[in-house]
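What follows is a single structure, written as structure tokens, with notes after it.
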2 protein chains.
Amino acid sequence: MNKPITIKEIARDLGVSFSTVSKSLNDSSEISEKTKKKVKEYAALRGYTPNQIALSLKNSATFTIGVIIPDIQNAFFASVLKNIEIHAKSYGYRIVTFFTNEKLKEEEESLKILSKGLVDGLIICPSEETFKKRKFAHFDAVKNMNTPVLVFDRVDENLDFDSVSVDDFGSIISGLDYLYEKGARSILFASTIPALSVGKKRKEAFEKFLKDNPEVKGTILEDQENGVLQNMLLEVLKTEKIDAVFGMDIDSTMLASGAISMIGKEFKEEISLLGYVNKQYNRLVYPKISYINQFPEKIGQMAVDIIVDKIKIGNSKILKKEVIETFIAIKDTSK
Amino acid sequence: MNKPITIKEIARDLGVSFSTVSKSLNDSSEISEKTKKKVKEYAALRGYTPNQIALSLKNSATFTIGVIIPDIQNAFFASVLKNIEIHAKSYGYRIVTFFTNEKLKEEEESLKILSKGLVDGLIICPSEETFKKRKFAHFDAVKNMNTPVLVFDRVDENLDFDSVSVDDFGSIISGLDYLYEKGARSILFASTIPALSVGKKRKEAFEKFLKDNPEVKGTILEDQENGVLQNMLLEVLKTEKIDAVFGMDIDSTMLASGAISMIGKEFKEEISLLGYVNKQYNRLVYPKISYINQFPEKIGQMAVDIIVDKIKIGNSKILKKEVIETFIAIKDTSK
DNA sequence: TTGTAGGCGTTATCAT
DNA sequence: ATGATAACGCCTACAA
């Protein structure tokens, strides 16, 4: 029931003015060593800690970064968030987190709440629905504030903020090259994210590849309902000759993995599987899947670096658009 | 670059006092409709929103709940966190999140930061290291504050806070009964969490079951290094006759799943696998695993309910120790 | 119906 | 070497 002790109370208890207390605690040279010691000891005794809210008001700096992500159950976002937290911490920042569950409305709500002076900067990955409906008006409010904003992964020309993303086009091509080299001439493209800008970009890359390599037969399976996609996969895998499956996201890749198991084909021997899983999942799954590493660690780190930089320097008009060029297909290490 | 507008500025621009503005915006009956309308319109035009930090200071209520969890990459915690966020939101609360990565030191740091008036309540799952070293002193500081604290999942008698946990003992027995009924007489117990209180409790339950059912042969494999555990599993599965594997946590269960696949045994036919995975993982994995549902949704919801209750009522001395009794082993639905 | 003053906890500036 | 005062943005008695 003890309310946290304040400077005022310390001052009262010690019979000094509260400015003396404040100065003592901040090691001001104006105060005698004796008084300082007395104040500090009593403060320690009573477990005094400065009230951060009062400090935030005084300094108009909250040392808090707002993070808005679609879904924490998605391993990619979990990894990014983890690394955002780690790096924010290292800069002395905290994070307040909102999950939109891929819903526009929840994104609007979150943005509204966070634009009330609660945070010094904002890191966002917009929801699927935002892209489907192409509604970006709710970003306007935050745009003409001096709070820096950074968008990661799902970038879009309508969102003129700082951004960190991966080179989707390039990594798809590189993945396809990898499959091609392994002999694949009939490739199945599986996606549960056709609505997202990244999903579209990846599909474009696939189509480009097919155009450049007419000897390759491509099949595209897209669906937002995971349950349906697996049946579609099973159907195609049973009826057509498929050399390789390329999953465009964690879900489609894992579903493809399951489908291949179900029809009893051998991984690597009969069908190659490449996809966007991550270490975390792959570590626990058998057989291991070759995958495109999106470097969520790097994304989280860069996002924080940029935001903290802008917070300290002041939000400039010059936008940083970082694209993580690096991508690799790590080969199957199992067996 | 526009700093957010304040009540003062609105008052100045409109030529009224700032209390008039404040009252108008709060729909006070003291103010004439005409003035109210004028003020509201101008405030809307300028995009005024009350500064939450100032409000927090004024009301000494932050509408923020601090959450400290070991690891967001763990699907169980991800699910709990998600549901904490959902429910907190429904009560008008935000969450500020810290990840300890199972480290005592990070837990201490997080606790220290959050005890500076930043949050109205605290939801914590202590780290593995905290239990290993049995250091709980850092909780003292927070104990004699009036900030309500709740511990979930990893409860301990040294932590006398509100708590939400599952009936570990009961669910293990129930899981073993399930395996027994399916004919298992040689059961392998796999765990990567021997240091945690839950891990110990689960092992106790297993040993109790073996004592009560002497006809069952039990083998215990424990290790904190996942890589090592899988080799241990492979070794035992190859050399001994095992009817069923019971994984004590996500990692050991997934590793067991992989190991069974590797040695080419048939799930369900030759070996039953039961474990602590969750829907999220299981949805994407083949073959599907029977699992103990810990109801992370329920844990998250109850934790928030209790904390918000305590925040509103005032932190009472009476502790709520909720144990989620319900548990089910959902049967393999694949094929 | 409107304006003034005080206070939430802190620090910084200015006296004493 | 100390103490008083103002300010951060807001709300709310109380006064006018």
Side-chain angles (χ1 to χ4, degrees), chain A residues 2-40 42-43 46-64 113 115-120 145-147, chain B residues 2-40 42-43 46-64 113 115-120 145-147:
Chain A
N2 320 326
K3 268 201 179 179
I5 190 162
T6 69
I7 281 190
K8 262 187 198 164
E9 295 171 285
I10 295 181
R12 176 171 42 70
D13 293 355
L14 257 42
V16 295
S17 83
F18 65 86
S19 64
T20 303
V21 175
S22 173
K23 284 173 188 166
S24 299
L25 294 172
N26 291 321
D27 246 330
S28 164
S29 58
E30 295 176 18
I31 305 293
S32 72
E33 286 304 325
K34 204 179 115 199
T35 320
K36 272 197 224 175
K37 197 182 161 211
K38 184 178 70 174
V39 170
K40 281 184 185 172
Y42 186 72
R46 298 294 305 272
Y48 169 81
T49 44
N51 181 310
Q52 290 300 313
I53 300 293
L55 281 178
S56 291
L57 182 62
K58 178 95 184 104
N59 306 325
S60 48
T62 61
F63 281 93
T64 305
I113 294 168
S115 60
K116 293 174 188 296
L118 282 169
V119 297
D120 297 343
M145 285 174 41
N146 61 351
T147 309
Chain B
N2 320 324
K3 267 199 179 179
I5 189 164
T6 69
I7 280 191
K8 258 187 201 164
E9 295 171 285
I10 295 181
R12 175 170 43 68
D13 293 354
L14 256 41
V16 295
S17 85
F18 58 83
S19 69
T20 304
V21 174
S22 173
K23 285 173 188 166
S24 299
L25 293 173
N26 291 322
D27 248 329
S28 162
S29 57
E30 295 177 16
I31 306 292
S32 73
E33 286 303 324
K34 206 179 111 195
T35 319
K36 273 196 219 172
K37 200 184 158 206
K38 186 177 71 174
V39 171
K40 281 184 185 172
Y42 186 71
R46 298 294 305 272
Y48 169 81
T49 45
N51 181 311
Q52 291 298 316
I53 300 293
L55 281 178
S56 291
L57 182 59
K58 174 85 183 125
N59 306 325
S60 48
T62 62
F63 281 93
T64 304
I113 294 169
S115 61
K116 292 174 188 294
L118 281 169
V119 297
D120 298 342
M145 284 175 40
N146 62 350
T147 310

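Below, chain A is the first sequence line, B the second, and so on; all start at residue 1.
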Next on the checklist: Checking the side chain of Lys36(A) only, and the main-chain atoms of Ser28(A) only, is there a donor and an acceptor separated by less than 3.5 Å?
Outcome noted: yes

Item to check | Given DNA chain C, 5'-ward residue of the pair Ile5(A) and Glu33(B), judged by closest heavy atom | outcome: Glu33(B)

Next on the checklist: Please check this pair: side chain of Ser56(A) against backbone of Gln52(A), looking for a donor-acceptor N/O pair closer than 3.5 Å.
Outcome noted: yes

Next on the checklist: With the threshold set at under 4.0 Å for non-hydrogen atoms, list the residues of residues 51-58 of chain A touching DNA chain C in residue-number order.
Outcome noted: Asn51(A), Ala54(A), Leu55(A), Lys58(A)

Checklist outcome for this item: OG1 of Thr62(B) to CG of Leu55(B), rounded to nearest 0.5 Å, is 11.5 Å

Item to check | Closest non-hydrogen atom pair, Thr64(A) against Leu118(A) | outcome: CB-O, 3.8 Å

Item to check | For Lys23(B), all residues meeting salt bridge (charged side-chain N to carboxylate O under 4.0 Å, His left out), sequence neighbours excluded | outcome: Glu30(B)

Just the atom pairs and distances: protein N or O near nucleotides 2-5 of chain D's N or O, under 3.5 Å.
{"from": "dT2(D)", "atom 1": "OP1", "to": "Ser32(A)", "atom 2": "OG", "distance (Å)": "3.4"}
{"from": "dT2(D)", "atom 1": "OP1", "to": "Thr35(A)", "atom 2": "OG1", "distance (Å)": "3.0"}
{"from": "dT2(D)", "atom 1": "OP2", "to": "Ser32(A)", "atom 2": "N", "distance (Å)": "3.4"}
{"from": "dT2(D)", "atom 1": "OP2", "to": "Ser32(A)", "atom 2": "OG", "distance (Å)": "3.2"}
{"from": "dT2(D)", "atom 1": "OP2", "to": "Thr35(A)", "atom 2": "OG1", "distance (Å)": "2.9"}
{"from": "dT2(D)", "atom 1": "O4", "to": "Glu30(A)", "atom 2": "OE1", "distance (Å)": "3.2"}
{"from": "dG3(D)", "atom 1": "OP2", "to": "Ser17(A)", "atom 2": "N", "distance (Å)": "2.9"}
{"from": "dG3(D)", "atom 1": "OP2", "to": "Ser17(A)", "atom 2": "OG", "distance (Å)": "3.4"}
{"from": "dG3(D)", "atom 1": "OP2", "to": "Thr20(A)", "atom 2": "OG1", "distance (Å)": "2.5"}
{"from": "dG3(D)", "atom 1": "N7", "to": "Ser19(A)", "atom 2": "OG", "distance (Å)": "3.2"}
{"from": "dG3(D)", "atom 1": "O6", "to": "Lys23(A)", "atom 2": "NZ", "distance (Å)": "2.1"}
{"from": "dA4(D)", "atom 1": "N7", "to": "Ser19(A)", "atom 2": "OG", "distance (Å)": "3.3"}
{"from": "dA4(D)", "atom 1": "N6", "to": "Ser19(A)", "atom 2": "OG", "distance (Å)": "3.2"}

Item to check | Separation between NZ of Lys37(B) and OG1 of Thr35(B), rounded to the nearest 0.5 Å | outcome: 12.0 Å

Next on the checklist: Five pairs per end, C1' atoms only: what is the angle between the end axes of the helix from dT1(C)-dA16(D) to dT16(C)-dA1(D), to 10 degrees?
Outcome noted: 70°

Checklist entry - Can you name the closest pair of heavy atoms from Gly117(A) and Ile53(B) and give their distance? => result O-CG1, 3.4 Å

Next on the checklist: What is the separation between atom CG on Asp27(B) and atom P on dC11(D), rounded to the nearest whole Å?
Outcome noted: 13 Å

Item to check | Sugar-phosphate, base or nothing in reach of Asn59(B), heavy atoms under 4.0 Å | outcome: nothing

Checklist entry - Atom CD1 of Ile113(A) and atom OG1 of Thr49(B): how far apart are they, to the nearest 0.5 Å? => result 12.0 Å

In a table with atom names and distances, give each donor-acceptor pair under 3.5 Å that connects a side chain of residues 10-20 of chain B to protein atoms at least two apart or in another chain.
{"from": "Asp13(B)", "atom 1": "OD2", "to": "Tyr42(B)", "atom 2": "OH", "distance (Å)": "2.5"}
{"from": "Asp13(B)", "atom 1": "OD2", "to": "Arg46(B)", "atom 2": "NH1", "distance (Å)": "3.3"}
{"from": "Ser17(B)", "atom 1": "OG", "to": "Ser19(B)", "atom 2": "N", "distance (Å)": "3.4"}
{"from": "Ser17(B)", "atom 1": "OG", "to": "Ser19(B)", "atom 2": "OG", "distance (Å)": "3.2"}
{"from": "Ser17(B)", "atom 1": "OG", "to": "Thr20(B)", "atom 2": "N", "distance (Å)": "3.4"}
{"from": "Ser17(B)", "atom 1": "OG", "to": "Thr20(B)", "atom 2": "OG1", "distance (Å)": "3.1"}

Next on the checklist: Quick check for you: name the first and last nucleotides of DNA chain C, 5' to 3', having an atom under 4.0 Å from a heavy atom of chain A.
Outcome noted: dC8(C) to dC14(C)

Checklist entry - Considering only heavy atoms from C-beta outward, does the side chain of Lys116(A) approach that of Asn51(B) to under 4.5 Å? => result no

Checklist entry - So Asp27(A) and Lys40(A), side chain to side chain contact (heavy atoms under 4.5 Å, CB included) or not? Walk me through it. => result CA-CA 9 Å; Asp27(A) 246 330; Lys40(A) 281 184 185 172; 3.1 Å; yes

Checklist entry - Between Pro4(B) and Asn146(A), is any pair of side-chain heavy atoms under 4.5 Å apart? => result yes

Next on the checklist: Using only atom types and a distance under 3.5 Å, with no angle test, would you say the side chain of Asp120(B) pairs donor to acceptor with the backbone of Ala61(B)?
Outcome noted: no

Checklist entry - Base, sugar-phosphate alone, or nothing: which one does Ser28(A) contact when heavy atoms must sit under 4.0 Å apart? => result nothing

